[in-house]
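One structure is given below, encoded as structure tokens.
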Number of protein chains: 2
Amino acid sequence: MTSSTAARPPGRPRSGVNDVVFAATLRTVHELGYARATVERIAAAAGIAKTTIYRRWPTKGALIVDCLLDAFGPVPLEGGSRAEIMSSAIRWTAGKIGEPGVGDAFAGVFSDGVSDPELREILSSRLQDPYRLALQDALGEPEHRVLFLIDVVVGTLLHRMGMTGEPMVDDDVDALVEMVLPFFR
Amino acid sequence: MTSSTAARPPGRPRSGVNDVVFAATLRTVHELGYARATVERIAAAAGIAKTTIYRRWPTKGALIVDCLLDAFGPVPLEGGSRAEIMSSAIRWTAGKIGEPGVGDAFAGVFSDGVSDPELREILSSRLQDPYRLALQDALGEPEHRVLFLIDVVVGTLLHRMGMTGEPMVDDDVDALVEMVLPFFR
DNA sequence: AGGTTTCGAAACCAGAGGTAGCGAAACCAG
DNA sequence: CTGGTTTCGCTACCTCTGGTTTCGAAACCT
């Protein structure tokens, strides 16, 4: 065993509070909204110091992206036909965005990215790309078609969330599936 | 002429700089992005004092919404068939959002609304409702269908804008039309 | 025990939205 | 021309947020 698992570095090890921080982030965003969920409040909710957060994530945006990655996890792409795969992926996305705090955090960090190219890059490469690649693979569609699909699905769900403050109801998610599927058959 | 046109109130009249402010707002947002387009910078670009802006608009969000209303103007709903009306409305929306500064301002104020219920109310009632009502009338569709249509079209366009920093290219706008029309036939 | 790293706490900074106070300017009525 | 009313520009100011810095204490390994 020469080096594969990287011997523990010297010094005091980091306390394993990442999960606590993610939970505190979603809870705080859910209760106070994105803008009022300050890093200080998130740290307090997690029971740690603000500086500890900034030691692990360079910016608030990076923290939120990591938190969303943790909340979403890998997209389930089971299902036989292309239609079943797409349908279940859309419903899965809608369900995740509807979980308390997730939609607000997503819309908020997305908004911040509008005027922050570095955050946009993080958002695109760390959050969008993995799902884009998985979808390209599962659906056999070219990149630009999958990007378009993501624009439609995520854009629609976030617009509803941003405009009403509530996630999209199931009937409208059904309509979204019904509208998207024929176009990608 | 008794009272219809409201006799001019006493005191110094407001200088007619609204148009100058709108132009300066779009220009500043286009050059610096939404977050760095501070009210102070917008005022400087318009050649007026920051306090003058806050005398006319209660918040930055309200200023942006008025600016967008001015930039969009009424939606053109000419065209014979329903398909023509919808198609031209979608392309008109995409074109407006693609104008320099408009898309950034739209995405920015939309983002701010995520964590600001008052701004969301302004956005919904002053910006979305007029277009929604005009579309309900022109298309003969019920409210929730038109709201869904707006979610899809505006959401998709803003997601592309927010993710890439660039407005959607014509080919993809064509795809959007092609996807939406059959669902609303 | 010594070296190394992380922790919490506090003070701190820069930039943003938004407000208050002031004298000067612009308009109208008499 | 004078007085009343309102808006103007200017400056100073407040609050909040993201983010940084500093420092002593704690945790781990050798």
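In what follows, every chain begins at residue 1, and chains take the letters A, B, ... in the order their sequences are listed.
- One atom, CG of B/Leu32, and another, P of C/dG15, lie 14 Å apart when rounded to the nearest Å.
- Residue B/Tyr54 contributes atom OH, which lies 18 Å from atom P of D/dC14 at whole-angstrom precision.
- A salt bridge does not link A/Arg91 to A/Asp170: none of the charged nitrogens lies less than 4.0 Å from a carboxylate oxygen.
- DNA chain C is contacted by both B/Gly61 and B/Pro10; B/Gly61 maps to the nucleotide lying nearer its 5′ end (nearest heavy atom per residue).
- Rounded to whole angstrom, the span from the CD1 atom of A/Ile48 across to the C1' atom of C/dT6 amounts to 12 Å.
- One distance of note links CD of A/Glu84 with CG of A/Leu181; it measures 10.5 Å at 0.5 Å rounding.
- With a 6.0 Å cutoff to the six-membered ring centre and a 45° limit on the axis angle, A/Arg145 counts as a cation-pi contact of A/Phe183.
- When the side-chain nitrogen and oxygen atoms of A/Thr52 are compared with OP1 and OP2 of C/dG8, one or more of them lie within a distance under 4.0 Å.
- Contact check, B/Arg8 against C/dC28: a side-chain N or O comes under 4.0 Å of OP1 or OP2.
- A salt bridge links A/Glu141 to A/Arg82: at least one charged side-chain nitrogen sits closer than 4.0 Å to a carboxylate oxygen.
- Atom CG of B/Leu119 and atom P of C/dG18 are 10 Å apart (whole Å).
- Between the NZ atom of B/Lys50 and the P atom of D/dC10 there is a distance of 13 Å, rounded to whole Å.
- Of the side-chain N and O atoms in B/Arg41, one or more sit less than 4.0 angstrom from OP1 or OP2 of C/dA16.
- At whole-Å resolution of the value, NZ in A/Lys60 and P in D/dT17 are 9 Å apart.
- C/dG17 atom C1' lies 16 Å from atom CH2 of B/Trp57, rounded to whole Å.
- Relative to the ring axis of A/Tyr34, A/Lys60 places its NZ or CZ within 45° and under 6.0 Å from the centre.
- Residue-environment remark: CD (B/Glu40) stays at or below the threshold of 12 foreign heavy atoms within 6.0 Å.
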Under the 3.5 Å Watson-Crick or G-U criterion, the dot-bracket string of DNA chain C, with | for inter-strand pairs: ||||||||||||||||||||||||||||||
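- At a cut-off of 3.5 angstrom, counting only N and O atoms as typed in the model, there is a donor on one side and an acceptor on the other between the side-chain of B/Arg12 and the base of D/dT7.
- A straight line from CZ of A/Arg55 to C1' of C/dA9 spans 10 Å, rounded to a whole angstrom.
- Contact check, B/Arg56 against D/dC8: a side-chain N or O comes under 4.0 Å of OP1 or OP2.
- If you find the closest nucleotide of DNA chain C to B/Val39 and to B/Thr51, the one lying nearer the 5' end belongs to B/Val39.
- Counting only heavy atoms from C-beta on, A/Thr59 has its side chain closest to D/dG19 among D/dG19, D/dA27, C/dT4.
- Closest approach of A/Val109 to A/Gly61, counting heavy atoms only: CG2-O, 4.0 Å.
- Between B/Ser15 and B/Gly11, the residue whose closest nucleotide on DNA chain D is further toward the 5' end is B/Gly11.
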